[in-house]
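Heads up, the thing below is written out as structure tokens.
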Amino acid sequence: MLEVKRVTELSPSMRRITLTGEDLAGFHSASFDDHIKLFVPERAGAVPNLPTLGEKGLDFAGDGSRPEMRDYTPRRYDPQSNELDIDFVLQHAGPATEWATHAEPGHKLGIAGPRGSFVIPTGFDWHLLIGDETALPAIARRLEELPASTRAMVIIKTNSEQVRIALHGQCAVDVRWVTEPATPQDGPGALEAAVRELSLPEGEGFVWAAGEYSDIRAVRQYLSSELGVDKGRIRAASYWRQAQANSHEHFD
Ligand SMILES: Cc1cc2nc3c(=O)[nH]c(=O)nc-3n(C[C@H](O)[C@H](O)[C@H](O)COP(=O)(O)OP(=O)(O)OC[C@H]3O[C@@H](n4cnc5c(N)ncnc54)[C@H](O)[C@@H]3O)c2cc1C
């Protein structure tokens with residue numbers, strides 16, 4: 001059980017919630033690709049009923065209620081200050097977003113995990129990172145973790161230019177922001193179209209992609225079937241899906 005320490009507005013559609021609490025001691029996240037499970041209180045300021053891990057999985061004894069659970073990226077953990085940052089995309093309706101929109105210092109949030117980590121070596125010649133705003137926390141973290149000896153190409157799709165945030169890294173970084181038109185167009189979506197314009201550099205590389213289900217499925221399909229990228233060099237996940245709550249899927 002953690003408590004909100006600080007709230008920082010990163011952009012008109014992204015809020016950083018900094019959490020702390022005794023239960024956070026020893027927290028470890030080995031990969032930017034990790035996620036933690038959030039146990040979301042029924043309303044801002046309420047205390048979620050947290051499960052214990054029983055033989056048959058999660059056991060919600062306590063008052064018997066089952067909080068909504070959603071997956072989020074551990075953006076930064078600082079053991080010195082015992083702080084964990086989570087960056088929430090706002091502006092759609094859902095329990096996690098609703099909670100984050102109204103979060104204030106002192107509010108409670110339950111977390112669990114990460115349960116396991118998919119660690120992608122940093123030593124490739126190049127890294128291609130693709131995603132929408134929900135992937136931005138993972139991409140921003142990855143750029144901060146990559147060594148100066150490599151290079152990264154980043155393609156990020158947002159719904160508006162106003163929500164772009166500064167990204168920092170030691171390696172050579174080429175960031176391409178694309179905006180999805182408000183009205184659907186014929187042909188590939190903005191994310192896939194931007195990936196199709198890219199020329200992959202020489203050398204060994206790895207592609208990481210996360211975002212809305214259809215976007216990521218199309219991007220992965222293009223990369224593996226048309227461009228011939230080895231599927232073992234692509235990590236692609238759906239972080240959310242249109243008209244579906246609490247969706248998480250891996251394409252590999
Ligand atoms: C591994 C992993 C890591 C993730 N990391 C982050 C992160 O760091 N920050 C972050 O903000 N999100 C992240 N997400 C995405 C987040 O879990 C989903 O957006 C989640 O559905 C939000 O929960 P909710 O309760 O707000 O909405 P839900 O109740 O899940 O969904 C309600 C409705 O909103 C729609 N919806 C959900 N997400 C979006 C969206 N982004 N834009 C528009 N409509 C949406 C759904 O289709 C549904 O119709 C991550 C997801 C995964 C699987």
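Ligands are counted one by one from 1 in listed order, and the atoms in each one are counted from 1 as well.
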*Numbering the atoms of ligand 1 from 1, which are under 4.0 Å from a heavy atom of A96?*
23 (O), 24 (P), 25 (O), 26 (O)
*Return yes if some donor-acceptor pair links the side-chain N/O of T73 with the main-chain N/O of R75 below 3.5 Å, else return no.*
no
*Which ligand 1 atoms does P95 reach within 4.0 Å, using its non-hydrogen atoms?*
25 (O), 29 (O)
*Please check if the side chain of D33 supplies one atom and the backbone of A138 the other of a donor-acceptor pair under 3.5 Å.*
no
_Under 4.0 Å to a heavy atom of A245 - the qualifying atoms of ligand 1, by number_ = 28 (P), 29 (O), 30 (O), 31 (O)
_Shortest protein heavy-atom distance from atom 5 (N) of ligand 1, along with the residue and atom involved_ = T73 OG1, 2.9 Å
*Do any N or O atoms from the side chain of T20 and from the backbone of N82 form a donor-acceptor pair under 3.5 angstrom?*
yes
*asked:* Using a plain distance cutoff, I'd like to know if D34 has any nitrogen or oxygen under 3.5 Å from a nitrogen or oxygen of ligand 1.
replied: no
*Can you tell which part of D87 has a heavy atom less than 4.0 Å from ligand 1: side chain, backbone, both or neither?*
backbone
*asked:* My understanding is that we take every heavy atom of each candidate and find the minimum distance to atom 34 (O) of ligand 1. Doing that for A210, A93, P137, G94, which one comes out nearest?
replied: A93
*Pair E249 + R217: basic N to acidic O under 4.0 Å*: no
_Under a 4.0 angstrom heavy-atom cut-off, which atoms of ligand 1 come close to H248?_
1 (C), 53 (C)
_Proximity of R241 to ligand 1 by residue part, where a heavy atom lies under 4.0 Å_ = backbone
*Apply salt bridge (charged side-chain N to carboxylate O under 4.0 Å, His left out) to E197 and R176, showing your working.*
CA-CA 11 Å; E197 281 172 14; R176 171 128 197 251; 2.9 Å; yes
*Protein heavy atom at shortest distance from atom 38 (N) of ligand 1*: H92 NE2, 3.2 Å
*Return the residue, atom name and 0.1 Å-rounded distance of the protein heavy atom closest to atom 3 (C) of ligand 1.*
Y239 CE2, 3.3 Å
*Residue T97 vicinity, atoms of ligand 1 by number, heavy atom under 4.0 Å*: 24 (P), 26 (O)
*atom 11 (O) of ligand 1: nearest protein contact (heavy atom, Å)*: V89 N, 2.8 Å
_Per-atom contacts of ligand 1 with H35, taking only distances under 4.0 Å to non-hydrogen atoms_ = 1 (C)
*May I ask you to test the L223-V195 pair for a side-chain heavy-atom distance under 4.5 Å?*
yes
*asked:* Considering non-hydrogen atoms of the protein only, which is the closest contact for atom 19 (O) of ligand 1, and what is the distance?
replied: W240 CB, 3.8 Å
_Options H250, E68, R70, M14, ranked by nearest heavy atom to atom 20 (C) of ligand 1, top entry_ = R70
*Which residue holds the protein heavy atom closest to atom 6 (C) of ligand 1, what is that atom called, and what is the gap in Å?*
T134 O, 3.5 Å
*Apply side chain to side chain contact (heavy atoms under 4.5 Å, CB included) to W99 and L38, showing your working.*
CA-CA 11 Å; W99 180 84; L38 307 191; 6.0 Å; no
*State whether the side chain of Q185 and the backbone N or O of T183 hold a donor-acceptor pair below 3.5 Å, judged by distance alone.*
yes
*With the side chain counted from C-beta on, respond yes when L198 and L128 share a heavy-atom pair under 4.5 Å apart, and no when they do not.*
yes
*asked:* With salt bridge (charged side-chain N to carboxylate O under 4.0 Å, His left out) as the criterion, how do E83 and R6 come out once you've worked through the C-alpha distance, each side chain's angles and the decisive distance to 0.1 Å?
replied: CA-CA 10 Å; E83 290 180 354; R6 235 177 8 256; 3.0 Å; yes
_Linked, directly or transitively: V163 and I17 (ILVMFWY side chains, under 4.5 Å)_ = no
*Please report the shortest heavy-atom distance between P74 and L84, naming the atom on each side.*
CB-CD1, 4.0 Å
*How does Q244 reach ligand 1, if at all, at less than 4.0 Å between non-hydrogen atoms: by side chain, backbone, both, or neither?*
backbone
*Could you tell me the residue and atom name of the protein heavy atom closest to atom 7 (C) of ligand 1, and the distance to it rounded to 0.1 Å?*
Y72 CD2, 3.4 Å
*Nearest to atom 50 (C) of ligand 1, what protein heavy atom do you find, and at what distance?*
D71 O, 3.2 Å
*Using a 4.0 Å heavy-atom threshold (strictly under), name the region of E98 that reaches ligand 1: side chain, backbone, both or neither.*
neither
_A243 neighbourhood, listing ligand 1 atoms whose heavy-atom distance to it stays under 4.0 Å_ = 47 (O), 49 (O)
*Which of the atoms in ligand 1, numbered in the order shown and given with their element, are less than 4.0 Å from a heavy-atom of N246?*
28 (P), 30 (O)
*Under 3.5 Å donor-acceptor, R15 side chain and A100 backbone*: yes
*Give the contacting part of F88 toward ligand 1: side chain, backbone, both or neither, where contact means a heavy-atom distance below 4.0 Å.*
backbone
*Taking T97 for its side chain and A93 for its backbone only, find out whether a donor-acceptor pair lies under 3.5 Å.*
no
